Amino acid sequence: QHFTGETFFQHQLPLHPSSLSRWRGRIGEEGVEWLLTKTIEAGRAAGAITERRLSEVAVDTTVMEKAIAHPTDSRLYETARRSLVALAQKVGIRLRQNYNRKAPRLAAQAGRHAHARQFRRMRKVLRTLRGYAGRVLRDIQRQIDAVEGPLRAKISGRLDLVARLLRQTPKSRNKIYALHEPEVDCVSKGKARVRYEFGTKVSVATTLAEGFVTGMRSMPGNPYDGHTLGEALQQVETLTDHRPSLAVVDRGYRGHGAQGTRVLVSGTRRGLTPTLARLLKRRSAIEPEIGHLKSDGRLARCGLKGPLGDAVFAVLCGCGHNIRKTLAHLRALLAALLASLLQALAPAQRHLVTRQPA
């Protein structure tokens, strides 16, 4: 508080904690894309990126995971039952049974059976948990007519969500993986360590030489990578005022159908000049940039709510990446300037040492 100009200690916050989330909601995705444009202009002014480099980009997709727990069935059923019981208590609905004693014990028991590979017992416990959540759901549905006002709409929305959760099967489409984030997608990227990631797919476009982010957008619904290329290139053209003349991608973009830009897919060898072959080898340079976005820029886990939160968070991570790139370039220029000054002063110092009397 002293460094912000306060004379006396204040016991209240100067701003409400929700002001930042309200600000993000007001500016939306277009506002944060404007911020990304300003970071690109700052990189141009600092010399970290040149106009010619903007015409050659690498495009790839990654998964931005959401801040949810691993979606096991036992946890989902128990969370659904607990939320329905809390809503019933809030509006004054008297339940026949709430299962507050039995259900948490069974949820823990399901995990023990799964760990011991006793899957028949585990499935029996899951059926019981689903029955508990269904009984509470039907009990509230019978008494919901007595609820009036805005709370009824809130309860109706939660009842529909829980009913959808109880109806889904292991092979259902558009499954629910978190009650507080029903839009979360299950994305399989073919990784050996993590088979499935729960979040939103994000398209990233960077320059081939510097790794500067020139486009970043969330793609809800887990679309095919090739279908996202046209939208990604259009965003790059909007933000940089340059239509990329060359885009290099991996094999997941085969059959993309993008127009107006030459697209090189990894593995292509026929009809390539030595220059194009060299640029195609630079495609893998986007992988460490995505790694830095996740480790340094917090792209690995999104804590903002809903599809709008995903869109805003992804672009803001790109803004932070460009700012770090620009600062690193300025630090390198400053270090080179100091080194040249020291090198220029070194002969004069040696001359003074030789002229000192014995």
Side-chain angles (χ1 to χ4, degrees), residues 13 16-22 24-25 65-115 121-170 172 174-186 198-200 220 301-310 313:
L13 294 175
H16 196 272
S18 64
S19 61
L20 187 58
S21 60
R22 294 176 186 272
R24 286 194 299 260
E65 295 189 75
K66 292 289 285 189
I68 65 171
H70 190 75
T72 59
D73 290 339
S74 58
R75 180 182 288 112
L76 287 173
Y77 293 151
E78 172 58 15
T79 303
R81 183 204 62 83
R82 191 167 56 246
S83 65
L84 290 179
V85 170
L87 281 176
Q89 292 177 351
K90 187 175 182 179
V91 300
I93 294 179
R94 184 177 179 84
L95 299 174
R96 295 179 180 179
Q97 277 184 300
N98 54 25
Y99 303 99
N100 284 339
R101 184 177 62 88
K102 291 185 176 181
R105 296 180 182 179
L106 278 181
Q109 192 65 37
R112 297 191 187 100
H113 290 324
H115 179 70
R121 293 181 178 179
M122 181 196 72
R123 286 191 288 269
K124 182 179 179 181
V125 170
L126 291 179
R127 286 194 298 269
T128 305
L129 285 173
R130 184 168 56 184
Y132 288 168
R135 290 175 190 174
V136 175
L137 172 69
R138 291 186 292 272
D139 197 357
I140 296 177
Q141 286 176 341
R142 285 190 292 266
Q143 307 180 54
I144 194 174
D145 293 336
V147 181
E148 298 179 355
L151 285 177
R152 180 168 181 174
K154 181 178 180 180
I155 294 179
S156 298
R158 179 48 61 97
L159 291 178
D160 294 340
L161 193 63
V162 174
R164 179 182 157 194
L165 170 66
L166 297 180
R167 286 195 306 267
Q168 72 184 16
T169 62
S172 297
N174 300 323
K175 292 180 64 176
I176 296 176
Y177 299 102
L179 290 175
H180 67 285
E181 288 287 349
E183 299 88 2
V184 167
D185 301 317
C186 179
F198 301 95
T200 306
R301 196 170 183 86
C302 174
L304 305 186
K305 187 175 179 62
L308 178 61
D310 294 336
F313 191 82

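The first residue in the sequence is number 1, and the count goes up from there. All figures in this text were calculated on a predicted structure; none of them were measured in a lab.
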Trace of the side chain to side chain contact (heavy atoms under 4.5 Å, CB included) decision for L95 with R135 | CA-CA 10 Å; L95 299 174; R135 290 175 190 174; over 6 Å; no
Salt bridge (charged side-chain N to carboxylate O under 4.0 Å, His left out) between R130 and D73: does it pass, once the steps are laid out?
-> CA-CA 9 Å; R130 184 168 56 184; D73 290 339; over 6 Å; no
Determine, stepwise, if the pair H70 / Y177 fulfils ring pair (Phe, Tyr, Trp, His ring centres under 6.0 Å).
-> CA-CA 8 Å; H70 190 75; Y177 299 102; 9.4 Å; no
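Separating the CD1 atom in I176 from the CD atom in Q168 is a distance of 5.5 Å, to the nearest 0.5 Å. The CG atom of D185 sits 10.5 Å away from the CZ atom of F198 when rounded to the nearest 0.5 Å. Here the SG-NZ distance, from C186 to K175, works out to 8.0 Å after rounding to the nearest 0.5 Å. Distance check: H113 NE2 to M122 CE gives 9.5 Å after rounding to the nearest 0.5 Å. Residue Q109 holds its CD atom at 7.5 Å from CG of L106, rounded to the nearest 0.5 Å. Here the CD-CD1 distance, from Q143 to I155, works out to 10.5 Å after rounding to the nearest 0.5 Å.
In this structure, the side chains of V136 and N98 stay at 4.5 Å or more apart for every pair of heavy atoms. Residues V184 and T200 have side chains not in contact (no heavy-atom distance under 4.5 Å, counting atoms from C-beta outward). Counting heavy atoms from C-beta on, the side chains of I140 and L87 never come closer than 4.5 Å. Looking only at side-chain heavy atoms (C-beta outward), S74 and V125 stay at 4.5 Å or farther from each other.
Scanning for salt bridge (Lys or Arg N to Asp or Glu O under 4.0 Å) contacts around D139 gives R142, with sequence neighbours left out. For R22, the side-chain contact (heavy atoms from CB on, under 4.5 Å) partners two or more places apart in sequence, or in a different chain, are S18, R26. Listed by chain and number, the residues in a salt bridge (Lys or Arg N to Asp or Glu O under 4.0 Å) with R158 amount to none (sequence neighbours excluded). Residues satisfying the side-chain contact (heavy atoms from CB on, under 4.5 Å) criterion with T169, sequence neighbours excluded, are S172. Evaluation of the side-chain contact (heavy atoms from CB on, under 4.5 Å) rule for E78 yields R81, R82, A103, P104, A107 as partners, not counting sequence neighbours.
The nearest pair of heavy atoms linking L308 to G25 is CD2-CA, 4.4 Å. The minimum heavy-atom distance linking L179 with S83 is given by the pair CD1-OG, 4.5 Å. Of all heavy-atom pairs spanning G306 and E183, the tightest one is CA-OE1, 4.4 Å. Residues Y77 and A133 share a closest heavy-atom pair of O-CB, 4.1 Å. Residues L165 and L76 share a closest heavy-atom pair of CD2-O, 3.8 Å. The nearest pair of heavy atoms linking V147 to R152 is O-CD, 3.2 Å.
Counted by atom type alone, R138 and Q141 present zero donor-acceptor pairs between their side chains at under 3.5 Å.
The residues K66 and D310 are annotated as salt-bridged, a charged nitrogen and a carboxylate oxygen being separated by less than 4.0 angstrom.
Under the side chain to side chain donor-acceptor pair (under 3.5 Å) criterion, the residue pairs touching residues 85-97 are Q97-Y99, with sequence neighbours excluded.
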